Amino acid sequence: MDIKDKVALVTGGGSGIGRATALRLAHEGAAVVVADVDESGGGETVAQIEAAGGRAAFVRSDVTSAADAKAMIAFAEETFGGLDILHNNAGITTPRPRFPDADPESWMPVLEINLRGVILGTQFGIAAMRKSGGGAIVNTASLAGIGYGFPPDPVYAASKGGVVLFTASLAPLKDELNIRVNCVCPGVVDTPMFQRGRDEAPEEQSAAAERMRLLPLLQPEDVADAVVELIRDDTLAGRAMWLRNGMPRELGRLPQPPVAR
Ligand SMILES: NC(=O)c1ccc[n+]([C@@H]2O[C@H](COP(=O)([O-])OP(=O)(O)OC[C@H]3O[C@@H](n4cnc5c(N)ncnc54)[C@H](O)[C@@H]3O)[C@@H](O)[C@H]2O)c1
């Protein structure tokens, strides 16, 4: 898909990876809806896009709310005339103490935001894209969701594994509706989420610092590059793009759904 003059919506667009993707899509000529619960961060992303000569608008939206998810898509249609590109990106990690010491009230939002939020956004996004004859959806998963697991945060790994297999299961929509759903699986990316995670456990910092010293961090712009590739390549559907630290990005070799629905 050619991104120029398309309408894109990015959830979690007020920070980190979402902001980088929003800026990149605007740079490529899309009108961008920045959706986030953080009005200040979302407003800042819009301001950066407009300062660079792009078109953008902010909508406050909590991805866990079906009403908000529906409303953010309607906002894109009302503001820019439709929806062609959706990046379901908002996500969180489990606050410490993590599973199994975390209370369910503490870890349940991880599933709600990272998995339920992606499913809701995809559902209402598809409804809008059907009207205009097609579109591209990119979900933000994680390397934590593709088989290595992630012992520091098992609930996060479960949420991201869910996103990978939800995405793979939607591959048939490419032929059925001309809607391609793919996901990105980044390793460790230098964003506010990553920096917050480092701050929270002083007793773990020296070991973590040593691991990180050896790990070339990804930048949010690296993830934006992968998102743009998945949007542009009309052959891709149901795929997971892996971004391993220090390695070139690559399409994962997950098995494809064996049969159409
Ligand atoms: N940073 C990493 O190392 C890394 C690695 C792999 C995957 N990811 C994933 O990338 C995505 C973006 O993460 P990031 O590192 O940019 O984090 P971030 O904390 O910098 O940004 C996340 C954004 O999501 C928003 N958000 C949180 N809850 C929301 C909700 N309920 N509704 C709408 N917006 C909400 C936040 O306000 C924030 O603006 C997440 O899904 C994360 O799991 C991050």
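Please read all numbers here as calculations on a predicted model, not as lab measurements. We count ligands from 1, going down the list as the structure has it; atoms in each ligand are counted the same way.
Per-residue contacts place D38 under 4.0 angstrom from the following atoms of ligand 1 (heavy atoms of the residue considered): 37 (O). For ligand 1, the atoms closer than 4.0 angstrom to any heavy atom of A141 are 7 (C). Residue-ligand proximity, V188 to ligand 1, at heavy-atom distances under 4.0 Å covers atoms 3 (O). Residue I17 has at least one heavy-atom neighbour below 4.0 Å for each of these atoms of ligand 1: 10 (O), 16 (O), 44 (C). Near P192, the atoms of ligand 1 lying under 4.0 angstrom from a non-hydrogen atom of the residue are 20 (O). Using a 4.0 Å cut-off to heavy atoms of D62, the atoms of ligand 1 that qualify are 30 (C), 31 (N), 32 (N). Proximity to G16 (heavy-atom distance under 4.0 Å) selects the following atoms of ligand 1: 16 (O), 20 (O).
Considering backbone and side-chain N/O atoms, T64 never comes within less than 3.5 Å of an N/O atom of ligand 1. Considering backbone and side-chain N/O atoms, R196 comes within less than 3.5 Å of an N/O atom of ligand 1. Note: no N/O pair closer than 3.5 Å links N114 and ligand 1 by distance alone. Annotation: S142 places no N or O atom under 3.5 Å from an N or O atom of ligand 1; distance criterion only. Between V189 and ligand 1, at least one pair of N/O atoms sits closer than 3.5 Å.
Distance from atom 20 (O) of ligand 1 to its nearest protein heavy atom, with residue and atom name: S15 OG, 2.6 Å. The protein heavy-atom contact nearest to atom 33 (C) of ligand 1 is S61 O, 3.2 Å. Counting protein heavy atoms only, atom 28 (N) of ligand 1 is closest to I113 CD1, 3.7 Å. The nearest protein atom to atom 15 (O) of ligand 1, hydrogens excluded, is given as T191 OG1, 2.5 Å; this is a heavy-atom distance. Given atom 43 (O) of ligand 1, the protein heavy atom at minimum distance is Y156 OH, 2.7 Å. Here the protein heavy atom with the shortest distance to atom 6 (C) of ligand 1 is P186 O, 3.4 Å. Among protein heavy atoms, the minimum distance from atom 5 (C) of ligand 1 is reached at G187 O, 2.9 Å. Among protein heavy atoms, the minimum distance from atom 24 (O) of ligand 1 is reached at G12 CA, 3.4 Å.
R98 and T94 make their closest contact through NE-O, 2.8 Å (heavy atoms, listed as atom of the first residue, atom of the second, distance). Heavy-atom minimum distance, A157 versus A144: CB-O, 3.4 Å.
Ion pair K131/E77 flagged as a salt bridge, since at least one NZ, NE, NH1 or NH2 atom sits closer than 4.0 Å to an Asp/Glu carboxylate oxygen. A salt bridge does not link R232 to D2: none of the charged nitrogens lies less than 4.0 Å from a carboxylate oxygen. Here R249 pairs with E229 in a salt bridge; the nearest charged N to carboxylate O distance falls below 4.0 Å.
For the pair E112 and ligand 1, no heavy-atom separation below 4.0 Å is found. Distances from ligand 1 to the non-hydrogen atoms of A35 include no value under 4.0 Å.
Applying the salt bridge (Lys or Arg N to Asp or Glu O under 4.0 Å) rule to pairs touching residues 57-74 yields E39-R60, sequence neighbours excluded.
In the candidate list I92, T93, V184, I92 is nearest to atom 27 (C) of ligand 1, counting heavy atoms. Of the options T140, T21, V63, L218, the smallest heavy-atom separation from atom 32 (N) of ligand 1 is shown by V63.
For the residue pair H87 / T11, no side-chain donor-acceptor distance below 3.5 Å is found, with atom types taken as modelled.
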